[in-house]
Amino acid sequence: MIGTVFRTEDVPVEDRFEYWRQLMDRTIAPSDMSTDYAADFWAEQRLLELGPVRVWPVRVLPTRYRRNARMVRQSDPEEYHLSLVLGGGLGFDHVGRSDTYGPHDLWLSDSSRPYDVQPHGMRPSADRELPFITGVGVEFPKALLPLPPTRVRELLSRRLSAREGTGALLTDFLTGLDRQSDFLQPSDAPRLGVILVDLLAAWLAHTLEAEAALSPETHRRVMVTRVRAFIRQHLHDPELRPPVIAAAHHISVSYLHRLFQEEGSGETVAAWIRAQRLAGARRDLANPALRTTPVHTIAARWGISRASDFTRAFRTAYGISPTEYRFQALLEGE
């Protein structure tokens, strides 16, 4: 597992907001914080440290954060901050720009500039259910971004979409980190940090029409990430093969194979597809809700149409047949 989870419910009620304030000062940078919910505050954050990059999925009651020029002078980590909103609404004032942000919006800010971020349109529902803001924050050193600061400044505080292109790929990567963090190892963290910075650089460069500033290594790693995301989305298709994948990305089959070879894993494209399908089928076999679904149906859902091929590949990968694995997994879950 990578990352540490922080929950305000782990401390006494009267200390929860102060606990959150101190955590935010350590995670981001000191700011003035206020909330209408200080008397019974609730928040949860997972902090993932990926080399020099920090990622923190968060769910929190509406809170305002103000960082003025004095605070900037006293403490400036020289970082960019990326915010991804997944639920709720926020207003943001930074570098002379003010805007509001909702689900699937992204924005970039500079730790060297003051800011004011506050809840927007957040009210308890008719049944008095409390409103929560959910999202993901990312902090990374400015020096890691291969783009001139004068160009990056053009994007600060602008509402940017997470719904298409590299923005959607970046969003999937960030939310996937949160989902998979319990299964990742500390040794994975530096590599994931490199991939994340590459995605950020590619996304910002595309937005600025400045792709020429990116290194060949960044282009390559982003292409590999994009290809793997495409494969995951199409694992159910039994016709998913290298020529189909290459055509979808406007590259040659030989270049596709070279991309995977240069990643250093030594795994071919076909082997990676097979491993992803088997891993997905394995999860389904262990799912109690699918205990009555025939094994061959689960295999077909993951793009393996012949039951005999599935059984043979599963046994080779895991040393046990799919039926035996299901029996053991469900027995252990009882």
Side-chain angles (χ1 to χ4, degrees), residues 50 53 82 84 104-108 136 138 140 144-148 151-152 154-155 158-177 179-180 188 191-280 300-305:
L50 311 178
V53 183
L82 178 76
L84 165 63
H104 302 290
D105 286 339
L106 290 153
W107 82 76
L108 190 71
V136 183
V138 182
F140 58 100
L144 291 183
L145 197 61
L147 295 168
R151 296 303 313 275
V152 177
E154 299 172 30
L155 299 179
R158 277 177 48 184
R159 188 195 301 120
L160 302 164
S161 175
R163 295 180 182 274
E164 65 272 328
T166 309
L169 189 63
L170 175 61
T171 297
D172 289 344
F173 186 83
L174 291 174
T175 54
L177 279 176
R179 290 193 304 270
Q180 298 297 322
D188 296 322
R191 177 180 58 84
L192 293 170
V194 170
I195 294 172
L196 178 52
V197 171
D198 285 337
L199 286 174
L200 284 163
W203 171 59
L204 296 172
H206 176 74
T207 304
L208 291 167
E209 298 182 350
E211 284 95 340
L214 302 181
S215 69
E217 291 77 13
T218 294
H219 281 292
R220 175 177 58 78
R221 287 192 291 258
V222 170
M223 177 59 77
V224 170
T225 302
R226 185 175 289 123
V227 166
R228 287 181 169 170
F230 176 86
I231 290 172
R232 291 190 188 98
Q233 292 167 3
H234 295 83
L235 287 172
H236 64 279
D237 183 358
E239 298 303 316
L240 183 67
R241 295 185 176 90
V244 174
I245 298 165
H249 293 85
H250 309 290
I251 58 177
S252 68
V253 174
S254 60
Y255 182 61
L256 173 65
H257 287 302
R258 191 160 71 251
L259 284 174
F260 272 71
Q261 291 169 358
E262 290 173 354
E263 276 298 283
S265 64
E267 198 169 31
T268 66
V269 180
W272 198 83
I273 293 172
R274 182 170 59 252
Q276 297 303 304
R277 284 173 166 161
L278 291 173
R301 284 178 176 176
W302 288 98
I304 307 175
S305 53

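The residues of the chain are indexed from 1 along the displayed sequence.
Taking CG from Leu199 and CG from Leu192, the interatomic distance works out to 10.5 Å, rounded to the nearest 0.5 Å. To the nearest 0.5 Å, atoms CD (Gln233) and CG (Leu240) are separated by 11.0 Å. In this structure, CG in Leu155 is found 7.0 Å from CG in Leu108, a value given to the nearest 0.5 Å. Summarising the geometry, atom OG1 belonging to Thr218 is positioned 13.0 Å from atom CE belonging to Met223; distances are rounded to the nearest 0.5 Å. With rounding to the nearest 0.5 Å, the separation of CZ in Phe173 from CG in Leu84 is 13.0 Å. A distance of 12.0 Å separates CG of Leu106 from CZ of Arg158, quoted to the nearest 0.5 Å.
Residues meeting the ring-ring contact (aromatic ring centres under 6.0 Å, His included) test with Trp107, sequence neighbours left out: Phe92, Tyr101. Under the side-chain contact (heavy atoms from CB on, under 4.5 Å) criterion, Ser305 pairs with no residue, sequence neighbours left out. Residues that satisfy the salt bridge (charged side-chain N to carboxylate O under 4.0 Å, His left out) test with Asp172, not counting sequence neighbours, are absent from this structure. When the side chain to side chain donor-acceptor pair (under 3.5 Å) test is applied to His104, no partner is found at least two apart in sequence or on another chain. Residues forming a side-chain contact (heavy atoms from CB on, under 4.5 Å) with Pro242 (at least two apart in sequence, or on another chain): Val253, Leu256, His257, Val269. Among residues two or more places apart in sequence or in another chain, the salt bridge (charged side-chain N to carboxylate O under 4.0 Å, His left out) test is passed with Arg301 by none. Judged as a ring-ring contact (aromatic ring centres under 6.0 Å, His included), and not counting sequence neighbours, the contacts of Phe230 are His234, His249. Partners of Glu217 by salt bridge (charged side-chain N to carboxylate O under 4.0 Å, His left out), not counting sequence neighbours: none found. For Arg241, the salt bridge (charged side-chain N to carboxylate O under 4.0 Å, His left out) partners at least two apart in sequence or on another chain are Glu239.
Pro146 and Leu144 get closest at one heavy-atom pair: CD-O, 3.4 Å. The heavy-atom pair separating Val222 from Ala202 by the smallest distance is CG2-CB, 3.7 Å. Across all their heavy atoms, Val53 and Phe140 have their closest contact at CG2-CB, 4.1 Å.
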With side chain to side chain contact (heavy atoms under 4.5 Å, CB included) as the test, would you mind laying out the steps for Leu174 and Leu196 before giving the verdict?
CA-CA 8 Å; Leu174 291 174; Leu196 178 52; 3.8 Å; yes

Show your working on side chain to side chain contact (heavy atoms under 4.5 Å, CB included) between Ile273 and Ile245 and close with a plain yes or no.
CA-CA 11 Å; Ile273 293 172; Ile245 298 165; 3.7 Å; yes

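Using a 4.5 Å heavy-atom threshold, the side chains of Gln276 and Arg228 count as separate. Taking 4.5 Å as the limit, every side-chain heavy atom of Val136 sits out of range of all side-chain heavy atoms of Leu82. Residues Trp302 and Leu278 are not in side-chain contact: their nearest non-hydrogen atoms beyond the backbone lie 4.5 Å or more apart. Contact check for Val227 versus Trp272: no side-chain heavy atoms found under the 4.5 Å cut-off. Using a 4.5 Å cut-off on side-chain heavy atoms (C-beta onward), Asp237 and Val244 make no contact.
Within the 3.5 Å criterion, the main-chain N or O of Leu208 finds a donor-acceptor partner in the side chain of Arg151. For Arg277 (side chain) and Leu235 (main-chain N/O), a donor-acceptor pair under 3.5 Å exists by modelled atom type.
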Please report, to 0.1 Å, the donor-acceptor pairs under 3.5 Å made by any side chain of residues 159-169, with sequence neighbours excluded.
from	atom 1	to	atom 2	distance (Å)
Arg159	NE	Thr100	O	3.0
Arg159	NH2	Asp99	OD1	2.7
Arg159	NH2	Thr100	O	3.1
Ser161	OG	Arg163	N	3.1
Ser161	OG	Glu164	OE2	3.3
Thr166	OG1	Arg226	NH2	3.1

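Under the salt bridge (Lys or Arg N to Asp or Glu O under 4.0 Å) criterion, the residue pairs touching residues 196-210 are Asp198-Arg221, with sequence neighbours excluded. Listed by first then second residue, pairs satisfying salt bridge (Lys or Arg N to Asp or Glu O under 4.0 Å) with a partner in residues 243-257 number zero, not counting sequence neighbours.
By the 6.0 Å and 45° rule, Arg220 does not stack over the aromatic ring of Tyr255.
Within a 6.0 Å sphere centred on NE2 of His206, other residues, nucleotides and ligands contribute 12 heavy atoms or fewer.
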